[in-house]
Amino acid sequence: MNVLESITKSAEFLSKKGVTESRLNAELLLSDILKMSRLSLYLNFERELTTVETDTYRDYIVRRGKFEPLQYIVGNVEFYGLTFNVDKNVLIPRQETETLIETVYNVYKGERELNILDIGTGSGNVIISLIKNLPTSRGTSIDINENALHVAEHNAELNDVKERIKFLHKDILTDLVNFEDKFDIVVSNPPYIPIEEYPTLQKELVEYEPKDALTDFSDGFTFYRVILRRSKEFLKNNGRLFFETGDKMSDELKNLFVVNGYKNIKAKKDLLNIERVIFGEYIESSSPKSI
Ligand code: GLN
C-alpha cells in the first residue's frame, strides 16, 4: 500500500473505534514512522510502504485504536519548545502547564543564579524548561516514582541541562527532606484531580496515564496543603511558591496561601481563561521564634 491508502484505511479504522481526529492521528503516526513532516506525507502520497513500515504502522494504529495516547506511542512530546521523552511512567506534559513556566519566567527573567525546587517532577518538563530559560539557574527535582525520575534524568540529558539539576527519590507527603540550600522558587504541578472526578476523565487518561500523577485520591487539595506548609522550610526569605491548579480550584487554593501566611498572592490565567497558576511570596516572620 502507498502512503495515501495507508492513511485512509487507518483513519477509517480509528474513526470506527471512536478515536477523535482520526485522520490527524493516522497522519501523525505515519509521519513518525517515516520520519517525515505531515506536509511531506502529502507530497509523497504515492510512495509505497516497506513491509517493516507497514508492520510498525499497523501496530501503532492498533494501539491508538485501544486509546493509548499518541505521545506514548511515538515516545515524545513538544513542551515549551523543547522535546521530552515520555512513557507510561509519567504524565504527558500538557499545554496548560506552559502557563506555569511562563509565569515563573516572567517574574524572574533577568535574574541569575536562581535555585529552583520542583516537587513531583514527572517527565521533568517543568524544571528542565525553567533551567533552560533562566541562565545560570540550578534545580532540584523530587518524585515519588523512581521510574519517572529515570525519564526525567534522561530528558535533562537530552536537553543539555543534566549537570544543573539534581534528581531525588522522595515522597513529599511522608519523607523528611533536608536540602543543602534554600530555594528562590518552589514549583509544583501536583496530582490535583479530586477522586470523584477521576472516572469522568477521557479514556486515554484513565486507562494509560499514571493514576497517582493525576489524583490525590481525595479532594484534590492534599498536595497543596502539604507543599504550602513544607515550602516555608524550603524557601529563602522572599522566595516564591508556584502551583498549577485545575478549573474551579483557584479560589480555595488562594485561600490556602493566605491561611499559610504567604503574601502577594497572584493568579495567572491560561489560554482558555481559567486561573491555572497561583503563586505567593514567603516572607519570614520577624517575630522571634518561640523555643
Ligand atoms: N511536572 C509534570 C508536569 O507538569 C508532572 C506532574 C504530575 O505528574 N502531576 O507535567
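Values below: all heavy atoms of this structure, side chains included; hydrogens, waters and symmetry mates excluded. All ligand and atom numbering here is 1-based and tracks the order in the structure.
A side-chain donor-acceptor contact under 3.5 Å links Arg240 and Tyr108. A side-chain donor-acceptor contact under 3.5 Å links Thr97 and Glu244.
Close approach of ligand 1 to Thr97 is summarised as follows: ligand atoms under 4.0 Å from at least one heavy atom of the residue are 4 (O). Residue Thr121 has at least one heavy-atom neighbour below 4.0 Å for each of these atoms of ligand 1: 1 (N), 2 (C), 5 (C). Using a 4.0 Å cut-off to heavy atoms of Gly120, the atoms of ligand 1 that qualify are 1 (N), 5 (C), 6 (C). Near Val126, meaning under 4.0 Å from any of its heavy atoms, are these atoms of ligand 1: 1 (N), 4 (O).
Of the protein's non-hydrogen atoms, Asn189 O, 3.2 Å is the one closest to atom 6 (C) of ligand 1. If you check which protein heavy atom lies closest to atom 8 (O) of ligand 1, you get Ala213 CB, 3.3 Å.
Applying the side-chain hydrogen bond (donor to acceptor under 3.5 Å, both in side chains) rule to Gln71 yields no partners; only residues at least two apart in sequence or on another chain are considered. With sequence neighbours excluded, no residue satisfies side-chain hydrogen bond (donor to acceptor under 3.5 Å, both in side chains) with Asn159.
Among Asn125, Val86, Asp118, the residue whose heavy atom lies nearest to atom 10 (O) of ligand 1 is Asn125.
Note: Phe223 and Tyr192 fail the aromatic proximity criterion, with ring centroids not under 6.0 Å apart.
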- Output, in order, the C-alpha distance, side-chain angles, deciding distance and verdict of salt bridge (charged side-chain N to carboxylate O under 4.0 Å, His left out) for Lys269 and Glu275. CA-CA 4 Å; Lys269 289 182 175 172; Glu275 286 194 340; 5.4 Å; no
